[in-house]
Structure formats: C-alpha cells, structure tokens
Amino acid sequence: MLQGPVALVSGHGNRCLAASGRIDLAMTTETCAQGRAPEVLALDPELLLAWFDANVRDLPWRRPECTPWGVLASEVMLQQTPVARVEPVWREWMARWPRPSALAAASQAEVVRAWGKLGYPRRALRLHAAATAIAEKHGDVVPADVDTLLALPGIGAYTARAVAAFAYGRRCPVVDTNVRRVVARAVQGAGDAGPPATNRDLADVQALLPAEENRAARYSAALMELGQVVCTARSPRCADCPVVDRCAWHRAGRPAYQGPTRPTQKFAGTDRQVRGLLLDVLRGSSGPVERPALDAVWADAGQRDRCLDSLLVDGLIEQTDDGRFALPGEG
DNA sequence: AAACCGTGGCA
DNA sequence: TTGCCAAGGTT
C-alpha cells in the first residue's frame, strides 16, 4: 500500500493536501458511511484500493505536478472521448495555456482550432468560457466546491465532482458511465446499468464511499478505473477483477442485461456529420473562407444551410462583413 | 425525458 | 461492414 501523501487520488501527491488545506493524518481504520449490507461489500474499499494502487495507469493528469486546472481540462476533454485521443491534445493545451487566465486570453478561433478533432467542439467554447469565469471571478483558481463548479459552463454533475475529488481530494460521488456499470453489476447483479437517473445514481455511489476524505476520493478513481479496464461494457475481464468473488452479477452467472435498450445514435447523414465537415474546413483554413468552399462538403443545400446556421447560433463560426465564414474571432 | 451534439477505433 | 462504444452536458 502507498503511504502518507502519496496515498491520494491516483498519486496526485502533495498538491491535493496543500490545495485542500488538510493535514495529512494517518490513514484511519476502515470505515463505511452506510450499513454493511452484503451488496455494499461487493465493492469493498480495501480490495478496490489495493487493486488500484497496483494497476493505476500513469496518465498525465494524474501526476503530482498536474494542477487542478489540468484536471478540469482533462475531464472536459474526456467527456465522451477516449483517453488515447485526449492525451496529445491535453499536453498541447497545458503547455500553451497553463492557467485558466492564459486560456481566457486566447481567441475562440485559437481554442476551437486547438481542440482539433476531439469532437463536440462546443466543449471547447464552454471550457474557454469556464476559464474566463475562473480567471475573472475566482482569482484564477479552479473552485473546489461542487456547487461552484456546477455553475461553470460545460461542467455538469459528473465533471464537477470529478474535479472536486481528483484535483482536491474531496469526498463526493463521482458517477460516470463506468461507475454506473460497475455498480449495476457488482451490487445490483444486472448485466448493465439502466437509463441514467442522476440523483439516484449519486445516492447509490455516495453510500459506497469510505468515510475518510482522501480515501473516498481515491476510491472514486478506483471505481472508474475498474470500469474502464476490467469491468468493460463489451467483454469484461472478470478473471482480472479484484472483487469477482463478491460480484452479484458474476455470482448469478452473468445474466444478460434485461432493461430497456438505449436507442443508438445515428451519425452518417445527420446534421452532426455535416456540422463536423463544415467546421473542419474552417479549422483547416488560416482565415475566412468563401461560401463555395463550404458548399463543396455536402450536396444537400437545405441541410447544409441549416447546419451552417446552427453553427452560427452556437457561436462556433462567424460571418464576416463581406459574407465569408470564419472561426469566431478571426474574421 | 429525450433528443441533440463529433469522431474514430474496434469486434 | 456495420454497429457499438468512449471520463457527459445542455435544452
């Protein structure tokens, strides 16, 4: 087991303690906030934390030198986007904009272009807006309080708690799709999680958290990590699972998921694809482009115009006085 | 609540 | 090849 300041969320090290203003007390004996129902024990903190210590991936936003701003940026980039695609972009962003105020000083065009092809580019504008709010209203310091984080653009129930827990070592339920799946299986014995229900999901995970604050934060990271690398959606690697013997789903013979199936989102032919193609033209251009350059990316003029308009409404593109199109702020 | 919002890898 | 999936948020 790790000891002392190292025994924090995925090795955040001294920053967590310093930033959260806490004294590094010795690890307390194992305690659980709620009762000791057998289902709760399935995700026993002792087992999960030992597994996490031995298997944690060395991701850059988990390193001791990573700031809360780095954690926040990583969490926004990771929304619906795989780690492998985020990592190089995150490194560029941190080198270029090491503090919220640095990002705030950049133009929206720079930010959208630097976002590259991570997808859902509105996240880039929201992160830029969040950085501006942090710089102007919070002294360039990422808030540690969940409710304050929730008030920032692009920061929802998951991201706010992820930042509080992973950047500041706070004890709060961090519920993403991985955690929902792990709890559904290990605790509830279902093959997968049902439709999201934020308040209930938060309460379910809250009940699992160890009492001690930094231990709870590390537990949250462990729960997510387990879902990402072992208790995966398609082919769970139960042989590598630290709680396989306690898992309700495994003990029940891994029954198939019974609940409602989530309708799969289309992409080909949708406005999302067309918007992506249009924006890609502007990302690849150093300045405003003529209308014909955009017309070339999609044959259906009606859909094209609708998408162009929605991009304007979203503030992802702007129209210059002479009728050309550009990323916001570079017209 | 449900639909919408990008992109690419993988089985 | 096609469908599923990936650290969600907003409306």
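As the structure is a computational prediction, the values presented were derived from the model and not from experiment. Throughout, a chain's letter reflects where its sequence line sits, starting with A, and its residues are numbered from 1.
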Whole angstrom value for the distance that separates C1' of B:dG6 from CG of A:L282: 15 Å

Any donor-acceptor N or O pair under 3.5 Å, side chains A:Q79, A:T159: yes

Pairwise C1' distance for B:dG6 and C:dC4, with rounding to whole Å: 16 Å

Side chain to side chain, A:D204 and A:Q188, heavy atoms closer than 4.5 Å: yes

Residue met sooner reading DNA chain B from 5', once A:Q273 and A:P263 are mapped to nucleotides: A:P263

Nearest-nucleotide 5' precedence on DNA chain B, A:G276 against A:S235: A:G276

Gap between atoms CG and P, on A:L152 and C:dG8 respectively (whole Å): 19 Å

Residue whose closest nucleotide on DNA chain C lies nearer the 5' end, A:V83 versus A:L150: A:V83

Touch class at under 4.0 angstrom, heavy-atom based, for A:T159 against every strand present: sugar-phosphate

A:S310 and A:R275 side chains, donor-acceptor separation under 3.5 Å: yes

Between B:dA1 and C:dG8 - C1' atom distance, rounded Å: 16 Å

Span that lies between the P atom of C:dA7 and that of B:dA2, in whole angstrom: 23 Å

Passing option when A:L43 is tested against A:V179, A:V205, A:V183 for side-chain contact (heavy atoms from CB on, under 4.5 Å): A:V183

Distance in angstrom units between A:F52 CZ and C:dA7 P, rounded: 14 Å

Touch class at under 4.0 angstrom, heavy-atom based, for A:L72 against every strand present: nothing

Check the interface with nucleotides 3-6 of chain C: list each N/O to N/O pair with the protein under 3.5 Å, or write none.
unit_1 : atom_1 : unit_2 : atom_2 : d
C:dC4  : OP2    : A:T264 : OG1    : 3.3
C:dC4  : O2     : A:R234 : NH2    : 2.1
C:dC5  : O4'    : A:R234 : NH2    : 3.1
C:dA6  : OP1    : A:R181 : NH1    : 3.2

A:E75 CD to C:dA7 P, straight-line distance once rounded to whole Å: 11 Å

Sugar-phosphate only, base, or nothing, as touched by A:A157 at under 4.0 Å among non-hydrogen atoms: sugar-phosphate

Nearest to side-chain heavy atoms of A:Y158, which nucleotide of B:dC5, C:dG8, B:dT7: C:dG8

Sugar-phosphate only, base, or nothing, as touched by A:D314 at under 4.0 Å among non-hydrogen atoms: nothing

Sugar-phosphate only, base, or nothing, as touched by A:I155 at under 4.0 Å among non-hydrogen atoms: sugar-phosphate

Minimum-distance nucleotide to A:Q79 side chain [options: B:dC5, C:dG9, C:dA7]: C:dG9

Interatomic distance where CZ belongs to A:R200 and C1' belongs to B:dA1 [whole Å]: 14 Å

Phosphate OP1/OP2 of B:dT7 contacted by A:R283 side-chain N/O (<4.0 Å): yes

Between B:dC5 (C1') and A:M77 (CE): distance, integer Å: 18 Å

Phosphate OP1/OP2 of B:dG8 contacted by A:K117 side-chain N/O (<4.0 Å): yes

Worked verdict on A:E212 versus A:R171 for salt bridge (charged side-chain N to carboxylate O under 4.0 Å, His left out): CA-CA 8 Å; A:E212 199 276 324; A:R171 181 181 186 272; over 6 Å; no

Distance, rounded to the nearest Å, where A:F267 contributes CZ and B:dC10 contributes P: 18 Å

Qualifying residues under side-chain contact (heavy atoms from CB on, under 4.5 Å), relative to A:A193, sequence neighbours excluded: A:R180, A:A184

Donor-acceptor pair between A:T67 and A:R99 side chains, under 3.5 angstrom: no

Touch class at under 4.0 angstrom, heavy-atom based, for A:P121 against every strand present: sugar-phosphate

Nearest-Å distance for atom pair CZ/P, residues A:R126 and B:dC5: 12 Å

Sugar-phosphate, base or nothing in reach of A:G156, heavy atoms under 4.0 Å: sugar-phosphate

Any donor-acceptor N or O pair under 3.5 Å, side chains A:Q228, A:R57: yes

Which residues share a side-chain contact (heavy atoms from CB on, under 4.5 Å) with A:A248, sequence neighbours left out: A:R251

